[in-house]
Amino acid sequence: MSQFINGKLVEGTTGETIDVIDPSNGETITTLTLAGSNDVDRAVQAAKEAFPAWSRATPAERSAVLTKLAALMEERAEEFAQLESRQAGKPIRLTREFDVPGTIDNIAFFAGAARNLEGKATGEYSPDHTSSIRREAIGVIGSISPWNYPLQMAAWKILPAIAAGNTIVLKPAEITPLTSLLFAEVATEAGLPDGVVNILTGRGSTVGAELLRHPDVDMLSFTGSTGVGRTVLEAAATTAKRVHLELGGKAPFVVFDDADLEAAIHGAVAGSLINSGQDCTAATRAIVHRSLYEKFIDGVADLYAKVKLGRTQDPATDLGPLVSETHRDKVAGMVERARGYARVIGGGIPDEDLTAGSYYRPTLVADANPDSEIFRDEIFGPVLTVTPFDTDDQAIALANDTPYGLAASAWTKDVYRALRATREIRAGAVWVNDHIPIISEMPHGGMKQSGFGKDMSTYSLDEYTVVKHVMYDLTGNKAKAWHRTIFTLED
Ligand code: NAD
């Protein structure tokens, strides 16, 4: 079954099908029917009908469902890990140790956060009135997620939305919908009322576009590329919907001359190869002090050559395939073009027994000009550019020389340098002497063209709620003191 609408798995009504492919071997995992207009309407209607009761459930009731969901997911963790690994081509070690436990921890976090909505103290801010704040759910959330972390991205959209009392229609990327569908099924088993979470398997250009413009959708929450993010903003304008955008990234990885070089080399390898580099926060632009430049390149190249490409089901595999052949070919094209203007080390399509999958070898691109495509555009593959600098000012300027502002890291033992870098690099997250770790309590989100709005943490609850001011007259007077500003009664 390919859709999850109003608490049930159902088929899409277009009659059109899509094969969900395992990118590690090109085999079809399953064939799903795609959603169309009818399904968008049915899902939004279900979410709209579920909203009054769910938004009035007490925080404790919503929390109880999430607590149960965390427990059920823990029981089925291996099933989630296997499915996520197969549909997205992730090494099983990554889904077992990162995607699935991270999601379970997110659920546990939002089970607590659901009971901790905050606002300003009730009080007499005018002598004649008592003011209070209500923090209320927004309504039906129309959400669209990408293929790189299908389960985590679905969770990051769904959890704060429903913890705050909203209902949601989520359209995952059509090539990786399986764990989103399973997530909704398990949430229903945990006691989530029908219609609170609905999942549509459909194309962005049809189902996605309709969801964005649906008159009964109150807010749009999108994770994906900056290009499609602009389309989301345009669509939101038609009915003035609230928008939450998590977009692309091109994270700088700045290595100062006093850095622990070995630590920086290890950090660069892990930070650039996580999820085959298909990570919006992945280290993509190493900016390295000239005194360490060649040593850094040699160290990363050595470790890249040792990374084990392999079948995603093998726990010894470090690096899996890219999500599809089309995407692998896009990455390969960018690297091939870079050979014309930069020094490319490694890279290429492996020719061992991996040819059926969309694999690509780790690649360093040194000496790339900051104006070049490889330095500027999102590659979303296992590719790291390396650029030298001489002064700290140059390093910060290079780090900020991008339209993106999602994540960055600074590598130094000097606390003052670290403080300066964290203040001056324009990104939603800056790590010092590390790159990648995320935690449920802290926000994830961008600056500049990486979008706005925060996922995870209690900041995300702010995104999915609206504050309402309620003001009570304290005097009981027919003629209020302030009325004299507008009119005066004759005696
Ligand atoms: P994408 O923008 O191509 O697609 C994202 C989603 O939008 C998919 O579900 C797709 O079907 C849908 N879509 C496409 N065209 C649409 C349209 N016209 N109308 C409505 N929906 C449409 O992105 P992708 O290739 O799936 O994912 C990779 C991108 O996501 C990268 O740019 C990456 O940086 C970004 N990303 C950002 C974050 C973050 O938190 N900032 C996290 C993960 C991924």
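The figures that follow rest on heavy atoms only: side chains count, while hydrogens, waters and symmetry mates do not. Whatever order the structure lists them in is the order used to number ligands and atoms, beginning at 1.
- Near ligand 1, Ile144, Ser145, Pro146, Trp147, Asn148, Met153, Lys171, Pro172, Ala173, Glu174, Gly204, Gly208, Ala209, Leu212, Phe222, Thr223, Gly224, Ser225, Val228, Glu246, Leu247, Gly248, Gly249, Cys280, Glu378, Phe380, Leu406, His444 each place a heavy atom less than 4.0 angstrom from the ligand.
- Look at Lys454 and Glu463 and you find no salt bridge, because none of the NZ, NE, NH1 or NH2 atoms lies under 4.0 Å from a carboxylate O.
- The pair Arg376-Asp401 meets the salt-bridge criterion, with a side-chain N (NZ, NE, NH1 or NH2) lying under 4.0 Å from an Asp/Glu carboxylate O.
- When the side-chain contact (heavy atoms from CB on, under 4.5 Å) test is applied to Asp194, the partners found at least two apart in sequence or on another chain are Asn6, Lys8, Thr188.
- Between the Asn166 side chain and the Gly139 main chain, a donor and an acceptor come within less than 3.5 Å of each other.
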Worksheet item: Would Arg96 and Glu78 satisfy salt bridge (Lys or Arg N to Asp or Glu O under 4.0 Å), going step by step from the backbone distance to the final call?
Response: CA-CA 7 Å; Arg96 279 184 185 147; Glu78 182 59 19; 2.8 Å; yes
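- Classified by interplanar angle (parallel below 30°, tilted 30° to 60°, perpendicular above 60°), the ring pair Phe380/His327 is perpendicular.
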